[in-house]
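A short write-up of the structure that comes next.
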Amino acid sequence: MATAQRKRGFIPLTILFGAFLVFLYGPTLTIGILSFQGPNGGLTFPMNGVSIHWFKALFEEQRVGDFGGSLGRSLLLGLSVMVLNTAFALLAALGYRRVFKGASLIFYLSLISLILPSILISLGIGIMFDRLGLSPHWYTSAFGAHMTWTLPFGLLIMFAVFNRFDRVYEAAAADMGATDWQTFKYVILPLVLPGLIGVGLFSFTLSFDEFSRTIMTSGTFNTLPLEIFGMTTNVTTPVLYALGTFTTALSFLAILTSLLLIAANRHRQSRRADTP
Amino acid sequence: MNTPVRTFRSYWQVAPLSLVLLCFLVFPILTIVIVSFWDFNAYQLLPDFTFDNYAFSLTSDVTLKAYLNTFFYAIATWLITLILGFTVAYYLAFHIESNLMRNLLFILCTIPFLTSNIIRMISWIPLLGRNGLVNGLLTGSGMVDQPVEWLLYSDFSVILAFVHLYTLFMVVPIFNAMTRIDKKLIEAAMDAGASTLQTIFLVIVPLCRSGIVIGTVFILTLVMGDFITVRLMSGGLSASVGVLIYNEISLLQYPAAAADAVILLITILIIFSILFRFVDIKKEL
């Protein structure tokens, strides 16, 4: 009876959900198609032939500013944020499994860091570096700015992971004489690995696409999102779309890699559980 | 278990987190508060203790208009994302029976969030522009004679972009709250004769109140602190508080920007202190 009634709204809701997905992906697909415009094509439909002209323009000529350099900086920044963020989030979450003084304070600071408008962080770090006589760089001030955004996310994800974590395994390892380090390496780490990969993925993509917190903190050299923002005001060719398609493809690659890693990990663990 | 040695270990484990927060959150915010009382001229900042920046900002029509704009964007975006996000979460949580399918659809909703916001904004241009796809369809089908001008570079496109960018922040916490609801409660409501709508509003909504509050906090902070979406999607035609601060930064009027930032901060803190009365974050993870 209950299922029969629940199914009643199923069809309209499915249509609505489908429309939501079209709404989410449609625009990105549109510029994906438009980035393959012919050399004489414009910013809107119709397609004026099909070519990879604009992708070539992205890599070969210097007409789009410092694309290669900003891409390199963003990748490097994203990867360093990913590594340190994952490590810091894991450490902090481990620390939070015990009661200690100041735990609430640091927790609430993390929440504030997450929900404070990005422009305040950007402005604050910008002025602070200015007053301290330090010049901002993408690998110092922008790095710190990104961490204030990715670290709370990482911490919350790790909290969620450890909340679902059964301490019986740890206790068993300790009973069997494992040292703290062995327990961590052979018991805790493999169990929280999928969560860690998730944190890594989040940190990388959030940093790679971060704009608001970077704008006052990146110094002389632009990161990729800043470069793209600059282009929106002065580029009127589909090269802008080619850049968008390229960046989105990179993000997709990162997401796919993480999902595959998580799936592979699960597969390996289930195989290990099957063998006696 | 809580021997002094182990407690000490907690301290060094949270040390990196604390250091990041101290250097890049606490100190910068303190800097903003201090500098907001400073004076400035065209060339430099002058350490001082003056309320001029606040007095100027609080009595200016520009600030007032920017705040009205910001609240309008925030409330409109909140309403739409709440209804849309709740419906999507409800569909995923209660209509999809298979776990695998549910996870798959959920990931499908999450992926766009992990791609560039600016690109996602730009991608509306070929759709909404004067010669865009939507106008092409409208004029082609004879529904309008002239291309519709308000599709792009208007309040409409700003709110559309906000909804496009941020609905996920509503979906995730509500979905998370819904998956914790004991299915027996819903069956009980049905058995007691509640209609589907009654079940939703009398059982499900109260039970995912915390998810709704967390989503609301995210939407409000993202919209109220935004400057890039408003700038890009309104074509520079309308200003929010974020745009105001951004413009002052561009003109190197840091104390003025800092004062506006402090006012924004206080506004947001007041709103959040009200919202957080309804929820205990620690229980939601």
Side-chain angles (χ1 to χ4, degrees), chain A residues 2 5-6 8-10 13 16-17 20-21 24-25 27-28 30-31 34 43-45 88 91-92 94-95 98-100 106 109-111 113 115 117-121 123-125 127-128 131 144-145 147-148 151 156 159-160 163 205 209 211-212 216 225 228-229 232 240 244 247-248 251 255, chain B residues 2 6-7 10-11 13-14 16-18 20-21 23-25 27-29 31-32 35 87-88 91 94-95 108 111-112 114-120 122-127 129 131-133 164 187 190 196 217 221 224-225 227-228 232 242 245-246 249 254 257-258 261 264-265 268 281 285:
Chain A
Q5 265 191 329
R6 226 185 280 161
R8 198 185 291 159
F10 184 72
L13 279 174
L16 188 120
F17 185 77
F20 179 64
L21 287 184
L24 280 185
Y25 287 89
T28 313
T30 314
I31 65 157
L34 282 170
L43 280 173
T44 52
F45 288 103
F88 289 2
L91 273 177
L94 285 172
R98 284 174 229 104
V99 182
F100 62 95
I106 297 172
L109 274 180
S110 307
L111 285 188
S113 188
I115 61 180
S118 303
I119 193 166
L120 296 188
I121 306 265
L123 177 69
I125 296 178
I127 300 181
M128 182 179 81
R131 287 295 98 190
M147 291 292 276
T148 61
L151 204 42
L156 291 185
F159 276 177
N163 272 357
T205 54
D209 298 324
F211 177 81
S212 314
M216 276 196 72
I228 297 172
F229 178 63
T232 59
L240 187 59
T247 326
T248 310
S251 299
I255 297 163
Chain B
N2 266 314
R6 284 174 186 272
T7 311
S10 276
Y11 284 115
Q13 281 169 332
V14 294
L17 167 72
S18 320
V20 168
L21 292 176
C23 294
F24 294 102
L25 178 78
F27 288 157
I29 296 302
T31 315
I32 290 186
V35 171
T87 315
V88 168
Y91 175 74
F94 295 109
H95 276 275
L108 215 55
I111 288 174
L114 297 172
T115 65
S116 164
N117 277 2
I118 296 181
I119 300 290
R120 291 176 72 200
I122 295 169
S123 62
W124 281 105
I125 294 171
L127 291 172
N131 303 311
L133 214 54
H164 185 225
E187 277 165 29
M190 295 271 191
T196 311
V217 166
T221 184
M224 293 190 66
F227 60 100
I228 176 77
L232 263 179
I245 297 175
Y246 175 72
I249 293 172
Y254 291 156
L264 175 64
L265 185 62
I268 285 181
I281 293 279
L285 298 166

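Note on naming: letters A, B, ... go to the chains in the order of the sequence lines (proteins, then strands), and numbering restarts at 1 for each one.
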Legend entry - Side chain to side chain, A/Phe229 and B/Ile228, heavy atoms closer than 4.5 Å: yes

Legend entry - Contact origin within A/Ser118 toward chain B - heavy atom pairs under 4.5 Å: neither

Inset, instruction - Would you mind checking which part of A/Ile106 comes under 4.5 Å of any heavy atom in chain B, side chain (CB onward), backbone (N, CA, C, O), both or neither? - result: both

Legend entry - Interchain contact, A/Leu109 with chain B, by part (heavy-atom threshold 4.5 Å): both

Legend entry - Side-chain heavy atoms of A/Thr28 within contact of B/Ile119, under 4.5 Å: no

Legend entry - Interface moiety of B/Leu114 toward chain A, non-hydrogen atoms closer than 4.5 Å: both

Inset, instruction - Return the option, out of B/Ala261, B/Cys23, B/Pro126, with the maximum number of heavy-atom pairs under 4.5 Å with chain A. - result: B/Pro126

Legend entry - For the student: nearest non-hydrogen atoms of A/Ala92 and B/Leu17, plus distance: CB-CD2, 3.9 Å

Legend entry - Choice from A/Thr30, A/Leu16, A/Thr148, A/Ile119 maximising heavy atom contacts with chain B below 4.5 Å: A/Ile119

Legend entry - Least distance between heavy atoms, A/Asp209 atom then B/Ser116 atom: OD2-N, 3.3 Å

Legend entry - Under 4.5 Å from a heavy atom of chain B, the part of A/Phe100 involved: both

Inset, instruction - Please flag which part of B/Phe27 lies under 4.5 Å from any non-hydrogen atom of chain A: side chain, backbone, both or neither. - result: both

Legend entry - Interface moiety of B/Ile249 toward chain A, non-hydrogen atoms closer than 4.5 Å: side chain

Legend entry - Heavy-atom pair count under 4.5 Å with chain A, highest-scoring of B/Leu265, B/Asn117, B/Ile125: B/Leu265

Inset, instruction - Considering only heavy atoms and a distance below 4.5 Å, find which of A/Ile115, A/Ile255, A/Thr248, A/Leu240 pairs most often with chain B. - result: A/Ile115

Inset, instruction - With rounding to the nearest 0.5 Å, note down the distance linking CZ in A/Phe88 to CD in B/Gln13. - result: 13.0 Å

Legend entry - Region of B/Ser123 in contact with chain A, defined by heavy-atom distances below 4.5 Å: both

Legend entry - Pair A/Met216-B/Tyr254, side-chain contact (heavy atoms from CB on, under 4.5 Å): steps then yes or no: CA-CA 11 Å; A/Met216 276 196 72; B/Tyr254 291 156; 3.8 Å; yes

Inset, instruction - Mind listing the closest non-hydrogen atom pair of A/Gly124 and B/Thr31 along with its distance? - result: O-CB, 4.4 Å

Inset, instruction - Check each atom of B/Ile111 against the heavy atoms of chain A and say whether the ones under 4.5 Å are side chain, backbone, both or neither. - result: both

Legend entry - Residue part contacting chain B, namely of A/Leu94, when any heavy atom lies under 4.5 Å: both

Legend entry - Side chain / backbone / both / neither for B/Tyr246 at chain A, heavy atoms under 4.5 Å: both

Legend entry - Separation between CD1 of B/Ile29 and CG of A/Leu120, rounded to the nearest 0.5 Å: 5.5 Å

Legend entry - Nearest non-hydrogen partners of B/Phe24 and A/Ala145, listed with the distance: CD2-N, 4.2 Å

Legend entry - Side-chain heavy atoms of A/Ile121 within contact of B/Pro28, under 4.5 Å: no

Legend entry - Side-chain heavy-atom pair B/Arg120, A/Leu24 within 4.5 angstrom cut-off: yes

Inset, instruction - Decide yes or no for A/Thr247 and B/Ile118: does some side-chain heavy atom of the first lie under 4.5 Å from some side-chain heavy atom of the second? - result: no

